[in-house]
Amino acid sequence: MTGLKIGSLDVTIVSDGRVLLAPETMFGPAQPAEWRPLVQLEDGKVPFSVNCLLVRAGGRLILLDTGTGKDEPSFLERYGPGSGLLVENLRALGVDPSAIDVVILSHAHADHVGGATIRHGERIVPTFPRATYWLWQKEWDHWTTPEALASRPFLGRKLTPLGEQGRLTLTEREDEVAPGVRLIASPGHTPGHVCVALTSGREMAIYTGDLLHHSAQCRHPEWCPAFDLLPEMSAASRRRILETAMREGAFLLTAHLPTPGIARPTAGGTWEIGA
């Protein structure tokens, strides 16, 4: 867990663990000769961290994404036992789930909403019982159709209960959720994917959600993984956010680059990946 100060904002990168994914799903039409020199494989797969952010802003505790969770057998099969650690790592920081005021979901893929709810006996309840959850309206509209729920049944346990229990705020605007914490529309990976700008004084960072999956995309924003639903739109969003961050001198806080997942702009127009 890594702590940062962005002006008056306190930010902690909290690991949910790590997963391994097949490289052929990652780099779209790019050929192995292009991506292989930029990628370290582990057992033939690309290692990915699962990073979430805890932000203290205006007296409120805000969580950005919720990791994979621990109560979906299909997630354990897909991701293995090395993820789903968010809640225990929050508790190691002295933060109980009941202390979270706001949860921002960048989008509704399993490794971002898996920890949003938890089974409590026969019921499914919010993991963060006092929190208001934020989601972009188009994301909700896309994933709550009968067809989407039939193809991804976990969404009926991880997403729709938040709406049914009155815990979800849907928006179509780049709202400031708390002082210095603002949503940025960045569609393409999914129809309603959002990044989050963290700004205080002259300092700025951007949580990228799944806009970036690998540091190679900083050099090749046109490289889109197989799970980008709208690749051309995703590449355009990625270019825009990278250009904005470089212009503003903002560093990137990423969901999947190696923990702590920080990318800092350099004077030479490149990105330094690391702590």
Side-chain angles (χ1 to χ4, degrees), residues 1-19 48-69 83-97 99-116 126-128 130-136 139 169 174-184 186 189 193-200 203-213 215 241 244-245 250-264 273-275:
M1 290 171 279
T2 299
L4 304 166
K5 288 284 288 185
I6 302 168
S8 63
L9 304 178
D10 290 308
V11 180
T12 305
I13 298 156
V14 186
S15 174
D16 185 65
R18 66 197 299 271
V19 300
F48 287 91
S49 294
V50 182
N51 305 314
C52 304
L53 261 60
L54 180 69
V55 182
R56 298 176 186 268
R60 307 172 83 186
L61 272 179
I62 302 162
L63 183 66
L64 309 188
D65 282 332
T66 66
T68 67
S83 61
L85 308 178
L86 174 63
V87 168
E88 61 190 83
N89 283 335
L90 285 172
R91 286 193 167 120
L93 288 169
V95 177
D96 188 81
I100 302 296
D101 298 296
V102 174
V103 176
I104 299 173
L105 300 172
S106 65
H107 64 296
H109 278 167
D111 54 330
H112 296 260
V113 301
T127 304
F128 306 96
R130 291 181 49 254
T132 299
Y133 290 70
W134 285 72
L135 186 71
W136 200 257
E139 192 74 358
T169 295
E174 294 188 333
D175 289 309
E176 190 172 57
V177 173
V181 181
R182 180 174 57 85
L183 306 180
I184 306 175
S186 49
H189 179 66
H193 182 279
V194 296
C195 297
V196 182
L198 306 173
T199 309
S200 178
E203 297 184 44
M204 180 180 183
I206 299 174
Y207 174 66
T208 62
D210 271 6
L211 198 73
L212 290 170
H213 288 83
S215 58
I241 296 298
T244 297
F251 53 92
L252 306 176
L253 304 174
T254 72
H256 294 306
L257 269 59
T259 303
I262 302 172
R264 300 178 187 273
I273 311 298

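The basis for the numbers below is simple: all heavy atoms, side chains too, and nothing from hydrogens, waters or symmetry mates.
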Practice prompt. Show your reasoning for whether side-chain contact (heavy atoms from CB on, under 4.5 Å) applies to R56 and V95.
Written response: CA-CA 12 Å; R56 298 176 186 268; V95 177; 4.0 Å; yes
Practice prompt. Using the test side-chain contact (heavy atoms from CB on, under 4.5 Å), find all partners of S8 that sit at least two apart in sequence or belong to another chain.
Written response: S200
Worksheet, complete the sentence: Hits for side-chain contact (heavy atoms from CB on, under 4.5 Å) against A205, two or more places apart or cross-chain, chain-then-number order -> I6, F251, L253
Worksheet item: Can you name the salt bridge (Lys or Arg N to Asp or Glu O under 4.0 Å) partners of E174, sequence neighbours left out?
Response: R182
Discussion item. For the backbone of G261 and the side chain of T259, can you confirm whether one donor and one acceptor N or O come within less than 3.5 Å of each other?
Written reply: no
Worksheet item: Are the side chain of D16 and the backbone N or O of L85 linked by a donor-acceptor pair below 3.5 Å?
Response: yes
Worksheet item: Shortest non-hydrogen contact from M204 to A197?
Response: CE-CB, 4.2 Å
Worksheet entry | For R60, all residues meeting salt bridge (Lys or Arg N to Asp or Glu O under 4.0 Å), sequence neighbours excluded | none
Fill in: Minimum heavy-atom distance S215-I273, with the two atoms named
CB-CG1, 3.9 Å
Worksheet entry | Within-4.5 Å side-chain heavy-atom neighbours: L198 and V11 | yes
Item to complete: Determine the minimum heavy-atom distance between L257 and S49, stating which atoms define it.
Response: O-CB, 3.3 Å
Fill in: Residues which pass side chain to side chain donor-acceptor pair (under 3.5 Å) with D65, listed by chain and number, not counting sequence neighbours
S106, H112, Y207
Fill in: Chi angles and distances behind the side-chain contact (heavy atoms from CB on, under 4.5 Å) call for L4, I262
CA-CA 11 Å; L4 304 166; I262 302 172; 4.1 Å; yes
Worksheet entry | pair L86-L63: side-chain heavy atoms closer than 4.5 Å | yes
Discussion item. Restricting to side chain to side chain donor-acceptor pair (under 3.5 Å), what partner residues turn up for R18, sequence neighbours left out?
Written reply: E42
Item to complete: Could you note down all residue pairs passing salt bridge (Lys or Arg N to Asp or Glu O under 4.0 Å) where residues 99-110 supplies at least one of them, sequence neighbours left out?
Response: D101-R130
Practice prompt. List the steps, then state whether side-chain contact (heavy atoms from CB on, under 4.5 Å) holds for H189 with H213.
Written response: CA-CA 11 Å; H189 179 66; H213 288 83; 3.5 Å; yes
Worksheet item: Rounded to the nearest 0.5 Å, how far does SG of C52 lie from CG of L64?
Response: 8.5 Å
Discussion item. I'd like to check the salt bridge (Lys or Arg N to Asp or Glu O under 4.0 Å) partners of R91; sequence neighbours left out, ordered by chain and number.
Written reply: D96
Discussion item. Run the side-chain contact (heavy atoms from CB on, under 4.5 Å) test against A92 and tell me which residues pass, sequence neighbours left out.
Written reply: M1
Fill in: Which atom of A255 lies closest to which atom of G209, heavy atoms considered
CB-O, 3.4 Å
Discussion item. Once rounded to the nearest 0.5 Å, what's the spacing between atom CD1 of I241 and atom CD1 of I184?
Written reply: 4.5 Å
Worksheet item: Quick one: side chain to side chain donor-acceptor pair (under 3.5 Å) partners of S83, sequence neighbours excluded?
Response: T68
Worksheet item: Do you know which two heavy atoms are closest between H256 and V50, and how far apart they sit?
Response: ND1-CA, 4.2 Å
Fill in: Main-chain N/O of L183 paired to D175 side chain as donor or acceptor, under 3.5 Å
no
Worksheet item: Rounded to the nearest 0.5 Å, how far apart are CG of L211 and SG of C195?
Response: 4.5 Å
Item to complete: Kindly write out the residues that satisfy side chain to side chain donor-acceptor pair (under 3.5 Å) with N89, not counting sequence neighbours, or none if the list is empty.
Response: none
Discussion item. Test of understanding: with side-chain contact (heavy atoms from CB on, under 4.5 Å), list the residues that count as partners of A57, not counting sequence neighbours.
Written reply: L9, V55, I62, A178, V181
Fill in: Minimum heavy-atom distance between I13 and L53, given as atom pair plus value
CG1-CD1, 4.1 Å
Worksheet item: How are the rings of Y133 and F128 set relative to one another: parallel (under 30°), tilted (30 to 60°) or perpendicular (over 60°)?
Response: tilted
Practice prompt. Decide yes or no on side-chain contact (heavy atoms from CB on, under 4.5 Å) for L212 and L252, but give the supporting numbers first.
Written response: CA-CA 10 Å; L212 290 170; L252 306 176; 3.8 Å; yes
Worksheet item: Is the backbone N or O of G67 less than 3.5 Å from a side-chain atom of D111, with the two atoms forming a donor-acceptor pair by type?
Response: no
